[in-house]
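Everything on this sheet refers to the single structure shown next.
In each ligand, atom 1 is the first atom listed, and ligand 1 is the first ligand listed.
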Amino acid sequence: MKLLEGKSVVVTGGSRGIGRAIAVESARHGADVAINYYRDNDASYGKKSAVDSVVEEIEALGRRAIALEGNVADPQTGAELVDAAVQAFGKIDVLASNAGICPFHAFLDIPLDVFQRTMEVNLHGAFYVTQAAARQMKAQGHGGAIVATSSISALVGGGMQAHYTPTKAGVHSLMQSCAVSLGPYGIRCNSVMPGTIATDLNADDLSAPEKLAYMKGRIPLGRLGDPVDIANVVVFLASDMAAYVNGAALLVDGGLFVNLQ
Ligand SMILES: NC(=O)C1=CN([C@@H]2O[C@H](COP(=O)(O)OP(=O)(O)OC[C@H]3O[C@@H](n4cnc5c(N)ncnc54)[C@H](OP(=O)(O)O)[C@@H]3O)[C@@H](O)[C@H]2O)C=CC1
Ligand SMILES: C[C@H](O)[C@@H]1OC(=O)[C@H](O)[C@@H]1O
């Protein structure tokens, strides 16, 4: 069953990791996809750059794809991405606001620029692109769905993430307020809260075997998440199957959050 047949989906941070999986699974469910990326230089996908390979994969599924470079922290990037999607596909039905960074650092001596960049990319970036997509959806007059990638880190702390966890709590809060602001236009806003998902974001952190074993040991399902585990839930929240889900946050963490002891 295809959940996004004929929809136009915009994904920020769609070249790698969770965003890439959202882009591909959206296409598998029948959507055309506009992908934002920033500094794509990853040639590990069959010797193509990451973004070229995701575009190719979507086209192989019989759907259209465009890719637009841009830093989501720049207020113009979101608007340009939405405009490009409308030019290419005639409309936008779904935004997956997903781009994010997590440079691990201890709290007491975090460089100011690392703190500011994390805030600007993760929280300001989500705000700008959500506003741009919502303006377009309102003008179109037939509603829409916005799904932001928050995190389990919106709910719990991390000693090396004091600059990061507030951005994920902020993204969660942004979706709650937007659910209220945009509900009257039929635009639903929700967030997905991934646990620990195996991507480039945490590859360094989990490269130490002891840390990897510790994290897996804390997850009742006994494995790290796969980007597709998150993408499946984003597709559901974006689809008409979730027509009455608005302002929700869905933990997708293999049970990590509830595992006190
Ligand atoms: N991995 C995990 O365990 C978890 C991740 N998350 C969240 O999921 C989201 C995706 O993370 P994940 O897939 O793991 O990370 P990856 O590092 O694998 O991918 C990040 C993606 O974001 C893009 N990106 C980075 N900075 C910018 C920017 N300034 N402007 C536009 N695009 C940018 C990258 O593009 P490019 O490479 O071209 O620069 C890339 O496509 C993030 O918001 C993260 O906080 C939440 C919970 C857990
Ligand atoms: C980067 C982390 O490993 C990852 O990102 C988050 O949001 C969670 O804290 C995950 O563990």
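- What you find for Y38 and N71 is that their closest heavy atoms are CE1-CB, 3.4 Å.
- The shortest separation from a heavy atom of G195 to ligand 2 is under 4.0 Å, placing the residue in contact.
- Using a 4.0 Å cutoff on heavy atoms, D205 does not count as a contact of ligand 2.
- Among protein heavy atoms, atom 11 (O) of ligand 2 sits closest to T196 OG1, 2.9 Å.
- Close approach to Q161 involves these atoms of ligand 2, each under 4.0 Å from a residue heavy atom: 2 (C), 9 (O).
- When non-hydrogen atoms are compared, ligand 2 lies under 4.0 Å from neither the backbone nor the side chain of M215.
- Of all protein heavy atoms, the one closest to atom 4 (C) of ligand 2 is N202 ND2, 4.1 Å.
- In summary, the atoms of ligand 2 found under 4.0 Å from a heavy atom of F104, numbered by their order in the structure, are 1 (C), 2 (C), 3 (O).
- In terms of modelled atom types and a separation under 3.5 Å, the side chain of R16 and the main chain of D40 share no donor-acceptor contact.
- Nearest approach of G17 to T199, heavy atoms of both residues: CA-CG2, 4.0 Å.
- Of the protein's non-hydrogen atoms, the one nearest atom 9 (O) of ligand 2 is S153 OG, 2.6 Å.
- Polar contact with ligand 2: present for S151 (N/O pair, distance under 3.5 Å).
- Contact annotation for V121 and ligand 1: only side-chain heavy atoms (C-beta onward) come within less than 4.0 Å of the ligand.
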